[in-house]
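Read the numbers this way: they start at 1 and go in the same order the structure lists the ligands and their atoms.
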Amino acid sequence: MAYENIIVEKREHVALIRLNRPKALNALNSALMRELGDALVKADADEDVGAIVITGSEKAFAAGADIKEMRPKSFVDVYREDFITSEWEAVTRVRKPVIAAVAGYALGGGCELAMMCDFILAADTAKFGQPEINLGVMPGAGGTQRLTRFVGKSTAMEMNLTGRFMDAAEAERKGLVSRIVPADELVEEAVATASKIADKAPYAVMATKEAVNRAYETTLAEGVRFERRMFHALFATEDQKEGMDAFVEKRTAQFRGQ
Ligand code: CO8
């Protein structure tokens, strides 16, 4: 598939995906979401890739779903199409870690896309918001659900009901982003972080991601049981021997994904 709305490059073992509709502040239209889904499936299947970074431009990660594309749709249209849910949720099906590197606006579907990633690194210029209420609608890809889990009911309710934006400092304080970096270092820092993950034992990484996500989907007792079983399972890998041998021999582990 030739891409017109995203740019994909490989930086060693990291797939870097840039949303690239600068004239529309990376508004997420269906063509872009199809391309993003395709790139994610390919990166997930590529044995040479250990982690993925999704980023936008300096001005916008993404200013939301494409309002001009949505505007003429009827209820029947969006309901029949299940308005592109499968494409929007592609990122949640990826088994390798996905980092959102957010500078500028992450609004509406842009904020929702960032929240579907495994964690968010924010530039000091980042602005998050769910302004769908100003368009006479509401979030449709997790804005009322994931944002509430990240920042708590009060802030999520206020943001969803008023459409106000949250700056990077507030996003960090309230747990929406893992940390803030200067805007001109964002992409390099995200790639370096992804690279650090890509150097680790791939099955330990995959199992860790799965286990952390369980924390959102099950009870504490079930989650802890799942974690323990995954921990046990990793003793079936050669990378467990390599990791522990390397520690004892005071050398850097060479993980081989086996
Ligand atoms: N859709 C389409 N075009 C957009 C969008 C968008 N979301 N955002 C910006 N653009 C376009 C503008 O129309 C403008 O184009 P043009 O030059 O042709 O007029 C260009 O980008 C630049 O934008 P502005 O001139 O407005 O730039 P400013 O710097 O003045 O303002 C803002 C930047 C504040 C980001 C402003 O553009 C804005 O408010 N944008 C809309 C934000 C918004 O409401 N987002 C939510 C959209 S709804 C949504 O995301 C629902 C998701 C549901 C997903 C469900 C899937 C299952």
Residue and atom name of the nearest protein heavy atom (relative to [atom]), distance in Å to one decimal:
| atom | value |
| --- | --- |
| atom 38 (C) of ligand 1 | Leu107 CD1, 4.8 Å |
| atom 23 (O) of ligand 1 | Leu25 CD1, 3.6 Å |
| atom 57 (C) of ligand 1 | Phe83 O, 3.1 Å |
| atom 1 (N) of ligand 1 | Ile67 N, 2.9 Å |
| atom 10 (N) of ligand 1 | Ala24 O, 3.7 Å |
| atom 19 (O) of ligand 1 | Lys68 NZ, 4.1 Å |
| atom 42 (C) of ligand 1 | Ala63 O, 3.3 Å |

How about [X] and [Y]: does a side-chain donor come under 3.5 Å of a side-chain acceptor?
| X | Y | value |
| --- | --- | --- |
| Thr193 | Arg179 | yes |
| Ser195 | Glu12 | no |
| Asp38 | Tyr3 | yes |

Within the structure provided, determine whether [X] and [Y] are in side-chain contact (heavy-atom separation under 4.5 Å).
| X | Y | result |
| --- | --- | --- |
| Ile17 | Val53 | no |
| Gln130 | Glu112 | yes |
| Phe128 | Asp167 | no |
| Phe150 | Lys174 | no |

Hey, is [atom] under 4.0 Å from any protein heavy atom?
| atom | result |
| --- | --- |
| atom 36 (C) of ligand 1 | no |
| atom 26 (O) of ligand 1 | no |
| atom 21 (O) of ligand 1 | yes |
| atom 30 (O) of ligand 1 | no |
| atom 7 (N) of ligand 1 | yes |
| atom 52 (C) of ligand 1 | yes |

Has [X] got any heavy atom lying under 4.0 angstrom from an atom of ligand 1?
| X | answer |
| --- | --- |
| Lys23 | yes |
| Lys59 | yes |
| Gln130 | no |

What part of Ala27, side chain from CB on, backbone N/CA/C/O, both or neither, has a heavy atom under 4.0 Å from ligand 1?
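Under 4.0 Å from ligand 1, Ala27 contributes side-chain atoms alone.
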Proximity to ligand 1 by part of Leu28, non-hydrogen separation under 4.0 Å:
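Within the 4.0 Å criterion, Leu28 makes no contact with ligand 1.
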Do Asp48 and Lys10 sit within salt-bridge range, that is, some charged N less than 4.0 Å from a carboxylate O?
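Answer for the salt bridge query: yes.
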Which of the ligand 1 atoms, numbered from 1, are nearer than 4.0 Å to a heavy atom of Glu112:
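In order of numbering, the contacting atoms are 52 (C), 53 (C).
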At less than 4.0 angstrom from any non-hydrogen atom of Met70, what atoms of ligand 1 do you find?
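Close to Met70: 48 (S).
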Give the C-alpha distance, both sets of side-chain angles, the deciding distance and a yes or no for salt bridge (Lys or Arg N to Asp or Glu O under 4.0 Å) between Arg214 and Glu222.
CA-CA 9 Å; Arg214 278 294 163 105; Glu222 276 306 318; over 6 Å; no
For Phe235 and Phe231, I'd like to know if the aromatic rings sit close, meaning centre-to-centre distance below 6.0 Å.
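Between Phe235 and Phe231, the centre distance is under 6.0 Å.
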Can you figure out which of Gly163, Cys111, Pro22, Gly108 has its heavy atom closest to atom 46 (C) of ligand 1?
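Nearest heavy atom to atom 46 (C) of ligand 1 lies in Gly108.
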Name the orientation class of the two ring planes belonging to Phe165 and Tyr105 (parallel below 30°, tilted from 30 to 60°, perpendicular beyond 60°).
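If you compare the ring of Phe165 with that of Tyr105, the planes turn out perpendicular.
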Give me the one residue out of Glu81, Glu69, Glu35 that meets side chain to side chain contact (heavy atoms under 4.5 Å, CB included) with Ser30.
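For Ser30, the side chain to side chain contact (heavy atoms under 4.5 Å, CB included) test succeeds with only one of Glu81, Glu69, Glu35, which is Glu69.
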